[in-house]
Number of protein chains: 2
Amino acid sequence: MSSSAEKHDVFQAIADPTRREVLRLLAEKELPISEITSHFTMSRTAIAKHLHILSEAELVSGHKVGREKRYRLQPETLKELKQWLSFYEQFWSNKLTKLKHVVENPEENNIKGI
Amino acid sequence: MSSSAEKHDVFQAIADPTRREVLRLLAEKELPISEITSHFTMSRTAIAKHLHILSEAELVSGHKVGREKRYRLQPETLKELKQWLSFYEQFWSNKLTKLKHVVENPEENNIKGI
DNA sequence: ATTATATAAAACCATTTGGTTTCATGTCAA
DNA sequence: TTGACATGAAACCAAATGGTTTTATATAAT
């Protein structure tokens, strides 16, 4: 699944549906691996690997409590994603920006007949 | 790389750095495949495949103009991502929500000494 | 009519991904 | 101290991913 250092970023981490589901679970509360696993059909080992990837991306953090390892959400990391998104937001949300874009790119508009 | 129908979603599509770079390029203006390719070191075929994936995810759309196929950004699709993000936003941006979260999950706080 | 350009489509390939099973280790409870 | 529980780690595997090269086809330009 993975292994080496600093490999997974936020974009890769959230690409997998299972990992997104794990994030949802951890949004509610901190949970140990076994309890997270109980919400899925796949093996505990598979979930543990997903948690490693999420951890590499710093979307979650784990700490041991007794014999269990509890993971919690690290939501601040998603700011990175929000910032990436904000760049594109102008292209749909702002009518004026959209108009500006259209004016500056006349070749996109089928007005060649004029 | 891919092929079948309706396979790639937005999350998968933006997971690849090359594809994010392609989106950046198309944010400025509509471009034909060959011109997009000129911004990368990899082959045109590879870029074409990336464009297919972006197209499947409806992040871009292509239309033929003469012998070239021009792709343009379809930014509205990113709303989906924004909505996904908005759920998590409460966990970092809103101090009150954060406090609520803390209060409702006492086991996360190391106050066992009290 | 011929040649150059732009893309499409297919076959192929190495690596990564997402899963499994098995075995080892640390911790709690009786 | 002896199980039972929770995890870690390794070996293995099929399928997906991200690339390549080759061949074919449609359009543009001379």
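Each chain gets a letter, A, B and so on, in the order the sequences are listed, and its residues count up from 1. Atoms considered below: every heavy atom in the structure, side chains included; atoms not considered: hydrogens, waters and symmetry mates.
With D:dT22, C:dG19, C:dA29 as the choices, the nucleotide that has an atom nearest any side-chain atom of A:T18 turns out to be C:dG19. Side chain of B:R67, nearest nucleotide from D:dA29, C:dT17, C:dA9: D:dA29. Closest approach to the A:H50 side chain among C:dA6, C:dG18, D:dT7 is made by C:dG18 (side chain taken as heavy atoms from C-beta onward).
Comparing A:R44 and B:K69 by the nucleotide of DNA chain C whose heavy atom lies nearest to each, the residue mapping closer to the 5' end is B:K69.
Using bins of under 30°, 30° to 60° and over 60° for the plane-to-plane angle, the ring pair B:Y88/B:W84 lands in the tilted bin.
Note: NE2 (B:H8) to P (D:dA16) measures 10 Å, nearest angstrom.
Scanning atom types as modelled, one donor and one acceptor separated by under 3.5 angstrom connect the side chain of B:K49 and the base of D:dT20.
In this structure, B:R20 pairs ionically with A:D9, as a charged nitrogen and a carboxylate oxygen lie closer than 4.0 Å.
Remark: of the listed residues A:L59, A:L54, A:I53, A:I53 is the sole one forming a side-chain contact (heavy atoms from CB on, under 4.5 Å) with A:H8.
For DNA chain D, the neighbouring residues in residues 34-43 of chain B, judged by any heavy atom under 4.0 Å, are B:M42, B:S43.
Looking only at distances, a side-chain donor or acceptor of A:R19 sits under 3.5 Å from a matching main-chain atom of A:A13.
In this model, the phosphate group of C:dT7 is not approached by any side-chain N or O of B:R70 to a distance below 4.0 Å at OP1 or OP2.
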Kindly list each side-chain donor-acceptor pair under 3.5 angstrom involving residues 33-43 of chain A, sequence neighbours excluded, with atom names and distances?
from: A:T37; atom 1: OG1; to: A:I33; atom 2: O; distance (Å): 2.9
from: A:S38; atom 1: OG; to: A:E35; atom 2: O; distance (Å): 2.6
from: A:S43; atom 1: OG; to: A:A46; atom 2: N; distance (Å): 3.1

